[in-house]
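Numbers restart at 1 for each chain; the letters A, B, ... are given by sequence-line order, proteins then strands. Quick caveat, the model's predicted, so the values are computed rather than measured.
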2 protein chains.
Amino acid sequence: MKVPVIVRQAMDAWRLLLEVHHELTHEMDRELREAHGLRLDWYDVLVQLNAAGGRLRMHELADATLFSRTDCTRIVDRMERAGLVVRERATEDGRGVYAALTSAGSRMLREAAVTHVRSIEQRFTGLLSEAEAATMAAAFRRVLTTDD
Amino acid sequence: MKVPVIVRQAMDAWRLLLEVHHELTHEMDRELREAHGLRLDWYDVLVQLNAAGGRLRMHELADATLFSRTDCTRIVDRMERAGLVVRERATEDGRGVYAALTSAGSRMLREAAVTHVRSIEQRFTGLLSEAEAATMAAAFRRVLTTDD
DNA sequence: GACATCTGATTGCAACTGTAACGATCGTGA
DNA sequence: TCACGATCGTTACAGTTGCAATCAGATGTC
């Protein structure tokens with residue numbers, strides 16, 4: 001069965017994407033745990049809360065990260081127990097809850113970011129030429145905005 | 001704090017890769033379940049067993065897929081219960097076990113492959129130009145083979 | 001203002017995962 | 001041959017996820 005080269009190359013790209021994602025996220029997670037006792041998903045939460053100015057409603061946090069609302073409830077549970085975030089009732093909506101960075105959370109983020117950003121550069125971005133990164137980013141945006 | 005455009009673009013590429021992976025794997029998994037009652041990880045196992053001629057030692061299966069040995073033990077447990085694979089003792093090594101495709105497993109693979117390949121083309125490979133796919137594949141190979 | 005409807009967040013349950021430890025078997029060197 | 005460490009696959013346990021159901025509070029309609 002003959003398969004055109006162009007199709008094979010595209011399929012390779014997909015398969016390789018899966019491998020890259022798997023290998024890099026595992027390594028980065030392990031690295032963050034070893035250096036800071038921080039899970040990669042907790043790190044993502046810290047980043048998003050910080051980017052939003054320190055706090056987000058639970059559903060906004062779910063949108064900003066790649067987690068479901070259920071996940072957010074439980075991740076915030078654990079992070080609250082660890083002292084990295086606190087819950088605050090939303091005064092403007094009786095149903096709502098904010099997840100807010102604590103100072104320990106901010107500090108943890110500042111420390112872990114050094115490790116993690118270096119890790120991304122070392123393992124990924126630093127290995128891409130400017131043109132490759134641009135090509136990739138453009139293609140990924142197309143993939144994400146094509147929804148059918 | 002000023003960040004060079006080149007770095008930002010590369011970081012975007014990483015972030016977008018995470019989003020693409022998340023969205024596409026979820027959609028493909030859902031699609032396979034709806035159409036065939038098959039999980040994406042089971043599909044991967046079927047593909048690898050088939051590519052290897054029908055059977056693989058457990059540790060070879062772990063290497064061929066993105067799963068750990070523990071995962072393979074348990075995935076094969078469930079797939080065996082579902083009749084898609086069977087375990088066979090390895091005669092050449094008393095510790096060894098083969099996971100082998102059943103005819104139901106082969107049939108399931110043939111059916112599901114139609115759905116899944118179309119899905120990949122629709123959501124990913126079909127949205128990439130030949131040049132983009134080649135660039136991406138080359139860059140990903142570089143990332144995977146650079147282990148420091 | 002009372003009703004149904006919708007939304008935000010959480011919970012219960014069953015399924016799944018990661019880590020470390022286990023028993024069985026293998027290969028090697030003394 | 002025997003003792004040793006290495007490898008193969010599995011298992012125990014605790015932690016984590018996905019889905020559906022739930023509860024409290026908000027919104028819209030008449």
Nearest whole angstrom, please: distance from the [atom2] of [N] to the [atom1] of [X].
X     : N      : atom1 : atom2 : answer
A:R30 : C:dT19 : CZ    : C1'   : 14 Å
A:H59 : C:dT10 : NE2   : P     : 12 Å
A:R39 : C:dG18 : CZ    : P     : 10 Å
B:E34 : D:dC19 : CD    : C1'   : 14 Å
B:E92 : C:dT25 : CD    : P     : 15 Å
B:L40 : D:dG18 : CG    : P     : 14 Å
B:R95 : C:dG27 : CZ    : P     : 7 Å
A:D93 : C:dA9  : CG    : C1'   : 11 Å

*Would you call A:R57 and A:E88 a salt bridge, taking side-chain N to carboxylate O under 4.0 Å as the test?*
no

*asked:* Please compare A:D29 and A:T73 by the position of their nearest nucleotide in DNA chain C and report the one closer to 5'.
replied: A:T73

*asked:* Which label fits B:W14 and A:F124: parallel for a plane angle under 30°, tilted from 30 to 60°, or perpendicular past 60°?
replied: tilted

*Given D:dG18, C:dA9, D:dT10, which nucleotide is nearest the side-chain atoms of B:H26?*
D:dG18

_Of the listed nucleotides (C:dT17, D:dT10, D:dT16), which one gets closest to any side-chain atom of B:D41?_
C:dT17

*Give one of base, sugar-phosphate or nothing for B:R74, where a contact means two heavy atoms less than 4.0 Å apart.*
base

*Quick one: label A:D71 by what it contacts on the DNA or RNA (base, sugar-phosphate, nothing), any heavy atom closer than 4.0 Å.*
sugar-phosphate

*Residue closer to the 5' end of DNA chain D, B:V97 versus A:S68 (nearest nucleotide)*: B:V97

*By nearest nucleotide on DNA chain D, pick out whichever of B:R33 and B:T70 is the more 5' one.*
B:T70

*Check each of B:L128, B:T125, B:L16 against A:V143 using the side-chain contact (heavy atoms from CB on, under 4.5 Å) test, and report the only one that passes.*
B:L128

*With respect to the phosphate group of C:dT25, does any side-chain polar atom (N or O) of B:R89 fall under 4.0 Å of OP1 or OP2?*
no

*Does OP1 or OP2 of D:dC8 have a side-chain N or O of B:R69 closer than 4.0 Å?*
yes

_Test item: side-chain donor near acceptor, A:E132 and B:T135, under 3.5 Å_ = no

*Check the pair A:Q48 / A:T65 against side chain to side chain donor-acceptor pair (under 3.5 Å), numbers first and verdict last.*
CA-CA 7 Å; A:Q48 296 304 329; A:T65 59; over 6 Å; no

